[in-house]
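Okay, so here's the structure we're looking at.
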Amino acid sequence: MALGTAVVLYGVAQNDLARSLGGACLSMIALTLIALVSIRKWTTDTHAERGRLAEAMREADTERGRSVAVQAAMEVERARIRRDAAAELERMEARLRAERQAIRDQLEEERARMACESLGIAFRMIKAGLLEDRPAEEHGKVIGFPGAARAREEADCDAAACDREVSRP
């Protein structure tokens, strides 16, 4: 630029128009180059943007770290809930098995009591003669075996034992 100004001044001093115009053109080119370099520097200066980008990256890293920590805490909590649910399920299954067994025992006891009671009732009805078959017609006479009386006495003893079990509280 200083060179263009010097050429313009020399052209004016020598009264030479061509040198003056050449010096002016040289000055304009120098000014244009200076302006272009300044504009380029101004448009491509990324110092502030780099600072903002670095800050944003630090914040993103911090947020990512928090996110990972929260995700790990959630996974630990899910695992704890799964363990608690499995333990509760196991406790409930054990209680259900115990209740089923108690109900089975109670039903077996009730069935045995009812069987003894029905045998006792049947025995009393036989003894009272309420269950004797009344044959409509006699086709023939059946000869009884001598051991039949003994079997009847044993049945009476079994029924009496069952009556004693039924009468117990």
Side-chain angles (χ1 to χ4, degrees), residues 29 31-169:
I29 289 173
L31 286 173
T32 304
L33 283 175
I34 291 172
L36 287 175
V37 167
S38 297
I39 290 171
R40 181 176 178 272
K41 185 177 180 184
W42 176 65
T43 58
T44 59
D45 183 22
T46 57
H47 181 70
E49 287 79 13
R50 284 185 186 180
R52 286 191 299 254
L53 176 64
E55 181 64 29
M57 288 179 71
R58 280 191 295 272
E59 288 176 12
D61 286 342
T62 304
E63 185 64 30
R64 187 177 307 119
R66 277 191 230 123
S67 168
V68 167
V70 167
Q71 199 171 22
M74 285 177 55
E75 189 60 36
V76 167
E77 184 66 17
R78 279 189 207 128
R80 185 191 62 80
I81 289 172
R82 276 190 229 115
R83 280 193 315 269
D84 291 349
E88 181 66 24
L89 181 64
E90 185 63 34
R91 283 191 299 271
M92 288 171 63
E93 286 176 351
R95 192 176 80 207
L96 181 63
R97 283 192 298 268
E99 287 176 0
R100 281 182 182 166
Q101 187 61 41
I103 289 172
R104 279 190 198 116
D105 293 345
Q106 183 182 4
L107 288 175
E108 283 296 319
E109 188 177 301
E110 184 70 19
R111 188 172 67 93
R113 187 190 60 77
M114 290 174 77
C116 284
E117 194 174 296
S118 64
L119 282 175
I121 291 170
F123 174 72
R124 282 188 230 113
M125 288 175 76
I126 289 172
K127 204 169 192 181
L130 297 174
L131 294 179
E132 289 182 2
D133 289 339
R134 295 188 182 127
E137 298 179 1
E138 279 192 41
H139 294 289
K141 193 167 194 164
V142 177
I143 300 173
F145 289 107
R150 186 185 310 161
R152 188 173 291 158
E153 287 175 6
E154 288 177 7
D156 290 343
C157 288
D158 289 342
C162 193
D163 280 340
R164 281 185 294 216
E165 288 181 18
V166 170
S167 63
R168 286 185 199 158

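Position 1 is the first residue of the sequence, and the numbers go up from there. For clarity, every value in this text was computed on a predicted model and none was experimentally measured.
Counting heavy atoms from C-beta outward, R100 and R97 have side chains that stay 4.5 Å or more apart. Using a 4.5 Å heavy-atom threshold, the side chains of R52 and E55 count as separate. Considering only heavy atoms from C-beta on, R111 stays 4.5 Å or farther from L107 through its side chain.
Atom CD1 of residue I39 and atom OG1 of residue T32 lie 9.5 Å apart, to the nearest 0.5 angstrom. The distance from the CD atom of E110 to the CD atom of E117 is 8.5 Å, given to the nearest 0.5 Å. Between the CE atom in M74 and the CD1 atom in I81 there is a gap of 9.5 Å [rounded to 0.5 Å]. With values rounded to the nearest 0.5 angstrom, I121 atom CD1 is found 12.0 Å from I126 atom CD1. Residue E59 holds its CD atom at 12.5 Å from CZ of R64, rounded to the nearest 0.5 Å.
No more than 12 heavy atoms of other residues, nucleotides or ligands lie within 6.0 Å of CD in E109, so this atom counts as exposed by the packing criterion. Other residues, nucleotides and ligands place more than 12 heavy atoms under 6.0 Å from the CD atom of Q101. The local environment of CD in Q106 is sparse, with at most 12 non-hydrogen atoms from other residues, nucleotides or ligands closer than 6.0 Å. Around atom CZ of R40, no more than 12 heavy atoms belonging to other residues, nucleotides or ligands sit under 6.0 Å away.
A salt bridge is defined here as a Lys NZ or Arg NE, NH1 or NH2 lying under 4.0 Å from an Asp or Glu carboxylate O, and R95 with E99 meets this definition. Ion pairing between D61 and R58 fails under the 4.0 Å rule for side-chain N and carboxylate O.
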Step-by-step side chain to side chain contact (heavy atoms under 4.5 Å, CB included) determination, M57 to L53: CA-CA 6 Å; M57 288 179 71; L53 176 64; 4.1 Å; yes

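S118 contributes a side-chain N or O that, together with a main-chain N or O of M114, makes up a donor-acceptor pair within less than 3.5 Å.
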